[in-house]
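For reference, positions follow the sequence shown, starting with 1. Because only heavy atoms are used, hydrogens play no part in the values below, and waters and symmetry mates are left out as well, while side chains stay in.
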Amino acid sequence: MILSLAVLGFVTVLRLGELVYARANTKRLLAIGGREVGAGHYPLIVVMHAAWLIGLWALGWNRAVSLPWLAVFGVIEVLRAWVLLSIGRRWTTRIIIVPGETLVRKGPYKFFPHPNYAVVVAELFVLPMVFGLWWFALLFTALNAAVLFIRIRAENTALEPARST
């Protein structure tokens with residue numbers, strides 16, 4: 001039980017820290033002329049991620065931790081750090097387009113266009129598996145797929161002018 005609480009606490013602190021970082025980046029990007037795109041679906045993302053984390057606390061706090069799945073989650077978090085370091089102060093939880101900016105093409109962005117979403121897909125599946133919550137992993141993988149379908153279309157449309165430069 002101690003390990004499950006530690007894992008959930010660690011992930012919660014990480015997510016809250018990311019929200020603070022994202023909010024600061026969003027504010028800065030808007031201040032330099034950025035504009036938000038696709039804001040209509042943003043509440044869906046917030047609700048889904050909050051429900052995922054709250055659900056994990058409700059269902060996983062007293063469950064045994066699978067060390068192999070925890071190791072996989074650790075690798076995913078290293079990849080998340082690589083994504084955040086690569087995109088730097090342009091990383092937000094929203095789609096902010098700054099006119100004249102070029103696309104980030106370093107780190108994992110060299111290899112495919114949406115590495116952050118790949119990490120999120122993996123996280124939403126793997127962390128429930130750490131607690132043996134396979135049905136929860138499948139449920140949130142499906143919900144996330146629906147939200148990402150909307151999100152990636154909006155982001156690709158918004159980024160299209162930057163891709164042609």
Tabulate below the donor-acceptor pairs under 3.5 Å that side-chain atoms of residues 59-75 make, not counting sequence neighbours, or state none.
| unit_1 | atom_1 | unit_2 | atom_2 | d |
| --- | --- | --- | --- | --- |
| Arg63 | NE | Phe131 | O | 2.7 |
| Arg63 | NH2 | Phe131 | O | 3.4 |
| Ser66 | OG | Trp69 | N | 3.4 |

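Of all non-hydrogen atoms in Ala51 and Phe136, the two that sit nearest each other are O-CZ, 4.3 Å. Nearest approach of Val37 to Ala154, heavy atoms of both residues: CG1-O, 4.3 Å. Of all the heavy atoms in Ser4 and Met1, the pair that sits closest is OG-O, 2.7 Å. The nearest pair of heavy atoms linking Gly88 to Tyr21 is O-OH, 2.8 Å. Residues Pro99 and Gly34 come closest through the heavy atom pair CD-CA, 4.4 Å.
With hydrophobic clusters built from ILVMFWY side chains whose heavy atoms lie under 4.5 angstrom apart, Val46 does not share a cluster with Val20. The hydrophobic clustering, which links ILVMFWY residues whose side-chain heavy atoms are closer than 4.5 Å, places Ile76 and Val121 apart. No continuous path of ILVMFWY side-chain contacts below 4.5 Å connects Leu79 to Leu148, so the two sit in separate hydrophobic clusters. When hydrophobic clusters are built by joining Ile, Leu, Val, Met, Phe, Trp and Tyr residues whose side-chain heavy atoms come closer than 4.5 Å, directly or via intermediates, Leu138 is grouped together with Leu124. Note on Leu19 and Leu44: separate hydrophobic clusters, where clusters join Ile, Leu, Val, Met, Phe, Trp and Tyr whose side-chain heavy atoms are under 4.5 Å apart, directly or indirectly.
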Exercise for the section: For the pair Phe125 and Asn144, evaluate side-chain contact (heavy atoms from CB on, under 4.5 Å) and give the outcome as yes or no after the intermediate values. Expected result: CA-CA 10 Å; Phe125 180 80; Asn144 189 49; over 6 Å; no

Exercise for the section: Kindly determine whether Trp57 and Ile54 satisfy side-chain contact (heavy atoms from CB on, under 4.5 Å), including the steps that lead there. Expected result: CA-CA 5 Å; Trp57 272 100; Ile54 291 166; 5.7 Å; no

Practice task
Could you walk me through whether Asn116 and Arg80 pass side-chain contact (heavy atoms from CB on, under 4.5 Å), step by step?
Solution key: CA-CA 7 Å; Asn116 189 63; Arg80 172 177 277 290; 3.9 Å; yes

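Counting heavy atoms from C-beta on, the side chains of Tyr117 and Glu155 come closer than 4.5 Å. For the pair Thr26/Glu36, no side-chain contact is recorded, criterion being any heavy-atom separation below 4.5 Å from C-beta on. Between Glu77 and Val11, the closest side-chain pair of non-hydrogen atoms is not below 4.5 Å. Side-chain contact check for Arg90 versus Ile87: some heavy-atom pair is nearer than 4.5 Å. Contact check for Phe10 versus Leu14: side-chain heavy atoms found under the 4.5 Å cut-off. Considering only heavy atoms from C-beta on, Val7 comes within 4.5 Å of Leu3 through its side chain. Two residues are said to be in side-chain contact when any heavy atoms from C-beta on lie closer than 4.5 Å; Ile45 and Arg151 meet this criterion. Here the side chains of Ile95 and Leu159 are not in contact, with every heavy-atom distance at 4.5 Å or above.
Geometric assessment of Arg94 against the ring of Tyr42 yields a positive cation-pi assignment under the 6.0 Å and 45° thresholds.
One distance of note links CH2 of Trp82 with CG of Leu85; it measures 11.0 Å at 0.5 Å rounding. Considering CG of Leu53 and OG1 of Thr12, their distance stands at 4.0 Å, rounded to 0.5 Å. How far CD1 of Ile96 is from CZ of Arg28: 11.0 Å, rounded to the nearest 0.5 Å.
Judged purely by atom type and a 3.5 angstrom limit, Asn25 uses its side chain to pair as donor or acceptor with the backbone of Trp91.
Phe149 is linked by a side chain to side chain contact (heavy atoms under 4.5 Å, CB included) to Arg153, counting only residues two or more places apart in sequence or in another chain. Every residue was checked against the ring-ring contact (aromatic ring centres under 6.0 Å, His included) condition with Tyr109, not counting sequence neighbours, and none meets it.
One finds no salt bridge joining Glu18 and Arg23 here, because no Lys/Arg side-chain nitrogen approaches an Asp/Glu carboxylate oxygen to under 4.0 Å.
Checked against Leu8 for a side chain to side chain contact (heavy atoms under 4.5 Å, CB included), the options Leu56, Val130, Val13 give a single hit: Leu56.
Aromatic ring orientation, His49 versus Trp52: perpendicular (interplanar angle above 60°, classes split at 30° and 60°).
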